[in-house]
Amino acid sequence: MDRAVRLLCAAFLVGGAAGCGAGEPASLVITGGMIVDGEGGPPREGTVVISGNAIVSVGEGEHAALDTIDAAGLVVAPGFIDVHSHTPPAIAREPMRLNEGVVRQGVTTVFGGPDGGFAPAQILELQEAYHYQGIGTNVAFYVGHNGIRREVMGDDQQRPPTEDELEVMRALVREGMELGAFGLSTGLMYEPGMFADTEEVIALALEAAGYGGVYDSHVRNPVHDFVESDREVVRIAQIARLPGKIGHLKAVGLHNEGVIEEIIALVEEARAQGIRIVSDQYPYDGAAIASLTGIIVAPPDLGGLDAFRGMQRQGRTDEGMAELRAALAHPGSRARLKEASEDGVDGGFAWLKATGYSSMRITGSEDYPDLVGAYLSEIAEARGQDPFDAVADLIIGSSRPVNLTLGAIKEHDVRRLMVQPWNMIASDGGYADGSDAPNGHPRSAGTFPRLLGHYVREEGVLTLEEAVRRITSLPADFHGITDRGRLAPGMRADIAIFDPATIIDRSDWDHPQRFAEGVIHVLVNGVAVLRDGEMTGEAPGEVVKLQPAG
């Protein structure tokens with residue numbers, strides 16, 4: 001240890017900071033900020049001392065340091081944990097590796113593989129990519145039922161697995177858990193998960209439980225069988241004896257208005273019986289978004305729509321729109337499109353089948369500005385039309401995209417769930433680039449600043465300290481992450497520093513990728529990835545793994 005380091009350590013020991021004597025000088029001190037430690041207690045002014053990748057002390061006093069952040073007027077909080085993110089595949093690509101849209105929200109850890117997405121091979125591939133190139137945020141994983149089922153059963157999905165297939169699926173869950181996954185995720189509304197029965201999921205959840213994992217579910221039929229779909233999560237958690245999370249819980253559709261009260265009662269009853277059930281929620285009144293053409297399903301044997309199918313896969317083209325308008329104008333082909341769009345092809349997935357006209361609300365349209373905010377069912381009723389005919393006529397008569405949310409939610413139901421103490425806030429977001437591009441959902445770039453700016457500062461739905469708890473220690477404790485989610489000695493130095501007077505989302509339905517404002521500094525594993533509102537280019541993120549019990 002050279003003289004400069006000895007003097008620095010001596011200064012820290014005099015100041016009362018622990019850990020420096022081990023040979024590592026404190027590298028950063030955050031001074032003057034209002035500390036919200038993630039536990040839910042009241043904010044307090046203080047100093048956070050960091051050495052390497054860990055927090056050394058949280059308290060009062062002056063400390064010497066190699067670097068200092070003056071956080072006067074700012075909130076110093078644990079880095080936020082997003083337990084439902086679709087950014088992990090994107091940040092495996094070098095140009096996107098810093099995950100800027102997430103960092104600018106104060107998020108330091110994202111959970112990948114929700115909705116049953118990732119088989120172990122996909123988790124391993126992403127982990128290797130991160131190790132090779134570096135990433136700007138930490139990433140944790142769920143191992144996914146849909147990914148595993150697809151790998152084992154191939155294209156023959158509309159049946160139960162054989163005993164041999166189920167054993168292979170069990171082995172793959174164990175493999176995913178050995179890779180550090182925090183539990184099993186399902187997407188029971190989507191193919192192929194929709195073809196699995198509850199007993200199949202229980203068999204796999206038992207494997208995750210053996211590692212101390214959790215169960216995370218995009219439930220089976222959240223629009224047309226809301227209560228029973230959430231009850232299935234409780235049953236799986238109870239029988240498999242593991243904690244259960246209802247993913248992006250929401251009361252979608254006009255017919256489900258107010259039903260969130262039944263779900264709250266269901267969760268409270270389960271928790272009273274010792275079944276550890278929680279939920280996560282994004283703070284928006286609409287779910288996934290698409291253009292009106294995105295809800296049209298073209299049967300594979302219906303000719304003359306190749307360009308339209310290509311448009312749905314790869315983006316908008318005039319040729320594809322011309323094909324679709326022509327097909328919708330013809331009574332015979334319109335009937336075929338209606339059947340496929342409302343029922344799916346051969347029993348498969350379709351958005352109109354999953355959510356329906358009374359769940360879809362128009363969010364933006366240059367051709368029909370007077371219809372923004374209206375549900376498709378309301379438009380059809382006002383016009384005296386069959387709902388599909390109303391959709392077809394809107395498409396035929398539009399020259400520009402008509403955008404809608406595929407799962408509209410009443411604002412009072414959003415707020416009713418938000419105040420539940422077992423409910424986390426998560427994004428369900430994808431990669432956002434900060435542009436004015438019209439594609440995507442505003443949650444990708446705005447979830448956490450919207451919580452802290454709109455719902456805390458402007459609306460007072462939650463206190464600041466309670467909102468921070470929902471996005472730090474609550475998700476950490478539920479998943480068994482013992483070294484993140486709090487500002488305390490020995491914890492990893494994942495830290496978000498933001499201005500409580502200015503933090504806000506800038507993304508909206510028309511500009512869903514605009515970056516949020518008000519997050520000033522972000523540290524990931526003790527390294528600044530955002531400093532004074534600017535990305536540093538550093539990529540210190542790690543793969544966070546479930547640690548074996550005991």
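Each residue takes its place number in the sequence, starting with 1. Excluded from the calculations below are hydrogen atoms, water molecules and symmetry mates; all remaining heavy atoms, backbone and side chain alike, are included.
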Hey, is Glu178 close enough to Arg174 for a salt bridge, meaning N to O under 4.0 Å? no
Check: His145 main-chain N/O paired with Thr186 side-chain donor or acceptor under 3.5 Å: no
Between Arg235 and Glu199, does at least one N-O distance fall below 4.0 Å, as a salt bridge requires? yes
Salt bridge check, Asp428 against Arg443: does any charged N sit closer than 4.0 Å to a carboxylate O? yes
Just by modelled atom types, is the Gly187 backbone N or O under 3.5 Å from a matching donor or acceptor in the Asn146 side chain? yes
Looking at Glu167, I want to see if its CD is surrounded by more than 12 non-hydrogen atoms of other residues, nucleotides or ligands under 6.0 Å. yes
Could you tell me whether His479 and Tyr142 have their ring centroids closer than 6.0 angstrom? yes
Show the nearest heavy-atom pair for residues Leu242 and Ala208, with the distance to one decimal. CD1-CB, 4.3 Å
Under a 4.0 Å threshold between the charged nitrogen and the carboxylate oxygen, would Arg97 count as salt-bridged to Glu94? yes
Looking at every heavy atom in both Pro449 and Asp505, which two are closest together, and how far apart are they? CB-N, 3.8 Å
Looking at Gln105 and Thr447, would you say the former's side chain and the latter's main chain have a donor-acceptor pair under 3.5 Å? yes
Looking only at heavy atoms, the pair that brings Pro222 and Ser229 closest together is N-OG, 4.0 Å
Closest heavy-atom pair and its distance - Ala496, Gly106: CB-O, 3.6 Å
Without swapping roles, check the side chain of Arg470 against the backbone of Met418 for a donor-acceptor pair under 3.5 Å. yes
What are the two closest heavy atoms between His255 and Val223, and how far apart are they? NE2-O, 2.9 Å
Okay, side chain of Thr137, backbone of Gly541: is any donor-acceptor separation there less than 3.5 Å? no
Side-chain donor/acceptor of Lys545 to backbone N/O of Val543, under 3.5 Å: no
So if I apply the ring-ring contact (aromatic ring centres under 6.0 Å, His included) rule between Phe111 and each of Phe80, Phe182, Phe141, Phe118, which one comes out positive? Phe182
Just by modelled atom types, is the Phe349 backbone N or O under 3.5 Å from a matching donor or acceptor in the Glu191 side chain? yes
Go through it in stages, so that I can follow the logic: the residues are Asp280 and Lys245, the test is salt bridge (Lys or Arg N to Asp or Glu O under 4.0 Å), and I'd like the CA-CA distance, side-chain angles, deciding distance and then a yes or no. CA-CA 7 Å; Asp280 69 59; Lys245 178 160 69 69; 2.7 Å; yes
Minimal heavy-atom distance between Gly344 and Lys353, with the atoms involved, is N-CD, 4.4 Å
Short N-O contact, Arg415 and Glu411, less than 4.0 angstrom: yes
Look at atom CG of Asp346 and say whether more than 12 heavy atoms of other residues, nucleotides or ligands are closer to it than 6.0 Å. no
With the threshold set at 4.0 Å, does a side-chain nitrogen-carboxylate oxygen contact exist between Arg231 and Glu228? yes
